[in-house]
Structure formats: structure tokens, C-alpha cells
Engineer: 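First the structure, which I've put down as C-alpha cells, then a few questions once you've had a look.
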Amino acid sequence: MRDGPGRDPTREEREGGTPEGSPRLSGFERGTEWLRGVGNASDVVLSSRARLARNLAGFPFVCRASRADREQVLEICRDQLVRADLGERTLWVDLRRVSVLERQLLAERHLISKPHAAGKQSTGQGGPDEPRGVAISLPAERLSVMVNEEDHLRIQAVRSGLDLRGAYDEAEHADNEIERGIDYAFSPRFGYLTACPTNVGTGARFSVMLHLPALRMIGEIEKVKHAADDMGLAVRGYYGEGSDTTGDFFQISNQTTLGKSEGVLMHEMEHEIVPRVVEYERHARGVLLGKRRSSTEDEVHRALGTLRSARLIETDEAMQLLGRVRLGVVLGLIGGGEAGEINHLMLLSHPAHLQRTLGREISQADRRLERATLLRSRLSSFG
């Protein structure tokens with residue numbers, strides 16, 4: 001643990017807002033780091049994430065802690081997070097003090113998990129008033145630290161493209177800064193102690209978000225899933241555990257952390273496993289261009305045509321069609337825009353972002369109409 005001076009949090013930061021008194025996330029209309037569409041292998045890899053699970057010494061895990069314990073953990077972590085040097089300006093959000101829409105917005109930006117937004121513990125208990133919060137680095141949103149999710153602290157950093165090293169370096173920096181004022185639960189024998197046994201050890205989870213439409217189109221995606229399972233990897237959907245692979249977006253991550261160092265886990269993912277999947281997807285894209293070019297052109301342009309003419313559209317359908325348009329853009333079959341713009345549209349198509357773009361809350365039926373209107377407008381230059 002490193003020693004060093006830190007500033008005291010302001011009243012507004014203690015109470016869950018910004019120094020200006022507002023808990024709202026500014027700049028929501030911007031794309032976020034993990035969807036910028038730049039970096040190594042960004043045609044296939046949307047983002048890389050490093051996550052560290054940590055718990056406070058002397059307190060039960062969240063799932064076993066009393067409400068009083070969880071309140072105390074929240075206060076201790078909040079005070080340290082707002083005074084720590086996390087590299088950029090830090091926004092603290094007490095998730096009990098913001099609207100459902102604001103919590104959904106944070107989840108859609110992958111700054112918090114869906115269970116954390118809802119206040120649900122792994123036991124299924126809890127609710128909107130559950131003691132929990134998140135610290136977010138601004139303006140880039142590369143780092144967020146969830147408090148009282150499955151573990152007391154979930155430190156996660158993200159980078160566009162394949163850059164697990166960059167993500168881990170930022171998460172490790174935050175980890176060291178937090179530890180200046182907090183004692184972690186640590187065993188000399190087992191390493192960091194976590195609520196889930198699969199995280200015991202380093203507490204590190206490395207994951208990448210991949211877009212694999214070509215493997216799906218040529219019928220090879222199940223082979224990739226089976227290969228990942230054989231290598232002890234978890235394959236999940238767009239929102240991680242329990243979510244669907246909407247739009248052919250997949251998250252691949254290591255499942256265990258005990259017995260391997262962070263460096264070994266990261267090297268395996270960044271230099272061995274992910275490049276192989278990227279190679280498979282690029283080969284599949286080559287097959288589409290070489291042997292199935294006409295049908296592929298037809299599929300991606302039909303997707304674009306639907307998005308540019310639809311009057312009503314659901315989120316999942318928009319994601320599926322935007323995924324096909326993204327494939328057309330990176331293959332050079334669709335011009336007039338870049339993959340990063342499609343990534344951003346995927347974000348804006350989600351319910352909370354759509355309503356924030358409009359500046360008002362609307363019914364689910366009206367969202368279908370407004371989403372279609374937004375997509376027609378934003379895709380007018382593509383073709």
C-alpha cells in the first residue's frame with residue numbers, strides 16, 4: 001500500500017453529485033470509449049476491458065453483509081474514490097439518488113452492470129434503494145468503479161480495439177490509488193478474496209467485445225464457441241453474463257483467475273486467443289467476398305434499406321440490422337460513413353439514450369417510432 005496525501009471530498013461529492021450539484025452524466029450524446037471504432041483490430045474487436053474484483057478487509061461480502069455493513073462500505077469507498085487520483089476528473093454517482101433513466105443510461109454505456117443499475121444482489125434480493133454507487137472518469141469514460149455490486153469494488157477500464165494492456169494499466173493504476181486508503185481482503189495463500197470463487201486469486205477478468213457476423217453467416221460461430229469453452233473461456237452476449245448475442249456481438253473472457261498471474265492471463269488473451277478469433281472472422285469475411293459476394297451485398301444493403309425506410313423498429317432489430325450495416329462498411333460494400341458512426345448509432349438506439357436524445361421520457365410504443373426516425377436521419381449519407 002502506498003502512502004500519499006489526498007484531498008477531502010466535497011459535500012456534493014459525498015452526497016452523490018458533481019461539484020456543480022448534478023449527478024447527471026454530461027456528454028451522453030457523445031460516443032463512449034469502447035465504441036470509438038479505432039485501435040488494433042477494430043474491424044473485429046470493438047473494445048478490450050480489464051476488470052479487478054476487490055473487497056474490503058473486515059467486512060462480509062456483499063451477499064452476506066447487513067444493510068448497515070453495505071452502507072458503511074459505500075461510505076468508505078466513496079470517500080476514497082473521490083479523493084484518489086484516477087487520472088481524470090472523477091464523477092461519483094450515488095445510484096439511489098438518480099432516476100431509473102439515468103441508471104439505464106449508465107448501464108447502456110457499460111459503466112455499470114444491469115444488476116447494479118437495478119440494485120439486485122447475486123441472491124436476487126435488493127432494489128432501487130440498495131446502497132451502491134459508481135465512480136466514473138471523465139470525459140473519456142475509460143474507467144468506472146462499481147461499489148457494492150457482486151464485490152465491494154469492481155474496477156474496470158476499457159479501451160477501443162484490442163488493447164488489454166492499456167486497459168489493465170489504467171485499472172491497475174486505479175487499484176493502487178484506491179489501496180492507498182483502503183485495506184483489501186487478501187490471503188497470502190489464495191490471493192485476493194472475492195464473492196465468487198472463480199475470481200479468487202488475482203481478481204482479474206480480461207474480456208473483449210467482438211463483432212463476428214461473418215462467422216455466423218457461414219455457419220462457423222458454434223465452432224468458435226466450442227473452442228472457447230475448451231480453452232476455459234466464457235462467451236457471453238452484448239451485455240455480458242445472461243445477455244443475448246444481439247447483432248452478432250460477443251464478449252469473450254477468462255473464467256478463472258486462481259493460479260495464473262495477471263500478466264499470463266492478459267498475454268494469453270491479447271496475443272494468443274483473441275488474434276486467433278480475429279483471424280477466423282477475417283477469413284470468413286474473405287469467404288463472403290470471394291464466394292458469396294452478391295448475397296452478402298444483398299444482405300447488407302437490405303439491412304441498410306430497412307433502417308432507412310422503417311417507420312417502427314425495436315431495439316433488438318435495430319442492433320441486428322446495424323450489425324449487418326457495420327459489416328458492409330468494414331468490407332467496403334457500403335460507403336458514406338465509418339464503423340465508429342454505426343457503433344455510436346447502436347448506443348443511441350437503446351431506450352435510455354433515445355429518450356435523453358429527445359429530452360423526454362416516452363412510452364415503449366413511441367420509442368419504436370422515434371428510434372426509426374433517428375436511424376433514418378443518421379443513415380441518410382450511407383449507401
Side-chain angles (χ1 to χ4, degrees), residues 34-35 37 39-48 160-162 207-231 233-240 243-253 273-310 313-347 349-350 375 378-379 382-383:
W34 62 278
L35 288 176
N40 183 30
S42 59
D43 58 321
V44 177
V45 183
L46 270 72
S47 64
S48 304
S160 180
L162 180 56
S207 64
V208 292
M209 177 82 78
L210 300 159
H211 188 211
L212 306 177
L215 284 167
R216 169 87 75 185
M217 291 167 72
I218 69 170
E220 298 288 335
I221 194 65
E222 292 303 320
K223 291 183 180 179
V224 173
K225 291 182 180 179
H226 291 317
D229 187 61
D230 290 342
M231 290 186 286
L233 303 171
V235 180
R236 295 173 173 139
Y238 185 78
Y239 280 108
S243 64
D244 296 328
T245 55
T246 306
D248 297 322
F249 294 99
F250 299 83
Q251 288 191 47
I252 296 180
S253 64
I273 296 167
V274 177
R276 192 179 309 172
V277 179
V278 169
E279 180 182 352
Y280 292 157
E281 171 64 18
R282 286 175 173 169
H283 174 75
R285 293 178 184 184
V287 170
L288 293 179
L289 287 176
K291 297 181 179 180
R292 296 172 50 180
R293 186 180 184 94
S294 294
S295 61
T296 302
E297 286 182 329
D298 181 70
E299 186 160 348
V300 300
H301 280 279
R302 280 179 182 269
L304 179 60
T306 300
L307 289 167
R308 291 178 61 175
S309 61
I313 192 165
E314 298 280 2
T315 305
D316 285 351
E317 183 184 8
M319 286 288 291
Q320 187 65 38
L321 294 171
L322 286 168
R324 286 292 186 266
V325 172
R326 186 182 188 277
L327 175 65
V329 170
V330 297
L331 290 181
L333 301 177
I334 293 176
E338 298 179 352
E341 296 175 72
I342 302 299
N343 298 348
H344 189 202
L345 277 179
M346 291 190 298
L347 188 63
S349 296
H350 281 73
L375 291 170
R378 297 294 183 99
L379 290 168
F382 285 76

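Counting from 1, the numbers follow the sequence of the chain as shown.
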Engineer: With a 4.5 Å limit on heavy-atom distance, are the side chains of Val45 and Val278 in contact?
Structural biologist: yes
Engineer: Can you name the residues that form a salt bridge (Lys or Arg N to Asp or Glu O under 4.0 Å) with Glu297, not counting sequence neighbours?
Structural biologist: Arg293
Engineer: State whether the side chain of His301 and the backbone N or O of Ile334 hold a donor-acceptor pair below 3.5 Å, judged by distance alone.
Structural biologist: no
Engineer: side-chain contact (heavy atoms from CB on, under 4.5 Å) between Asp229 and Val235: does it pass, once the steps are laid out?
Structural biologist: CA-CA 8 Å; Asp229 187 61; Val235 180; over 6 Å; no
Engineer: Which heavy atom of Met217 sits nearest a heavy atom of Arg292, and at what distance?
Structural biologist: O-NH1, 3.1 Å
Engineer: Could you state the interatomic distance from CG (Leu304) to CG (Leu379), rounded to the nearest 0.5 Å?
Structural biologist: 6.0 Å
Engineer: Could you tell me whether the side chain of Arg308 and the main chain of Phe382 form a donor-acceptor pair under 3.5 Å?
Structural biologist: yes
Engineer: What's the verdict on side-chain contact (heavy atoms from CB on, under 4.5 Å) for Val44 and His211, showing C-alpha distance, side-chain angles and the deciding distance?
Structural biologist: CA-CA 5 Å; Val44 177; His211 188 211; 5.7 Å; no
Engineer: Look at the side chain of His350 and the backbone N and O of Met346, then say whether any donor-acceptor pair between them is shorter than 3.5 Å.
Structural biologist: yes
Engineer: Does the pair Ile252 and Arg236 meet the rule for a side-chain contact (heavy atoms from CB on, under 4.5 Å), with working shown?
Structural biologist: CA-CA 6 Å; Ile252 296 180; Arg236 295 173 173 139; over 6 Å; no
Engineer: Where the side chain of Arg285 meets the backbone of Leu327, is there a donor-acceptor pair that is under 3.5 Å apart?
Structural biologist: no
Engineer: Residues in salt bridge (Lys or Arg N to Asp or Glu O under 4.0 Å) with Arg282, at least two apart?
Structural biologist: Asp43
Engineer: For Gln251 and Ser207, indicate whether the former's side chain and the latter's backbone hold a donor-acceptor pair under 3.5 Å.
Structural biologist: no
Engineer: For Ser349, enumerate each residue passing the side-chain contact (heavy atoms from CB on, under 4.5 Å) test, keeping only those at least two apart in sequence or located in another chain.
Structural biologist: Ala318, Leu322, Arg371, Leu375
Engineer: Work out which heavy atom in Phe250 is nearest to a heavy atom in Ile221; give both atom names and the distance.
Structural biologist: CZ-CG1, 3.7 Å
Engineer: Under 4.5 Å between any side-chain heavy atoms of Arg276 and Met231, yes or no?
Structural biologist: yes
Engineer: Please report the C-alpha distance between Val277 and Leu210 in whole Å, then the side-chain angles of each, then the deciding distance to 0.1 Å, and finally whether the side-chain contact (heavy atoms from CB on, under 4.5 Å) criterion is met.
Structural biologist: CA-CA 9 Å; Val277 179; Leu210 300 159; 3.9 Å; yes
Engineer: How about Leu345 and Leu307: do any of their side-chain heavy atoms sit closer than 4.5 Å?
Structural biologist: no
Engineer: Write down the atom of Ala339, the atom of Val329, and the distance for their closest heavy-atom approach.
Structural biologist: N-CG1, 3.7 Å
Engineer: Does Glu314 have any side-chain contact (heavy atoms from CB on, under 4.5 Å) partners at least two apart in sequence or in another chain, and if so, which?
Structural biologist: Gln364, Arg368
Engineer: Once you round to the nearest 0.5 Å, how far does CE of Met319 lie from CG of Asp248?
Structural biologist: 10.0 Å
Engineer: Charged N to carboxylate O under 4.0 angstrom, Glu222 versus Lys225?
Structural biologist: yes
Engineer: Compare every heavy atom of Ala41 with every heavy atom of Leu162, then report the nearest pair and how far apart it is.
Structural biologist: CB-CB, 4.4 Å
Engineer: Find the distance between CG (Leu35) and OG (Ser160) and round it off to the nearest 0.5 Å.
Structural biologist: 8.0 Å
Engineer: Which pair of non-hydrogen atoms, one from Ala214 and one from Leu288, has the smallest distance, and what is that distance?
Structural biologist: CB-CD1, 3.6 Å
Engineer: I'd like to check Phe249 versus Met209 (side-chain heavy atoms, cut-off strictly below 4.5 Å). Are they in contact?
Structural biologist: yes
Engineer: Can you name the closest pair of heavy atoms from Arg326 and Ile342 and give their distance?
Structural biologist: CB-CG2, 3.8 Å
Engineer: Tell me every residue that passes salt bridge (Lys or Arg N to Asp or Glu O under 4.0 Å) with Arg378, counting only those two or more places apart in sequence or in another chain.
Structural biologist: none
Engineer: Which residues satisfy the salt bridge (Lys or Arg N to Asp or Glu O under 4.0 Å) test with Glu299, sequence neighbours excluded?
Structural biologist: Arg324
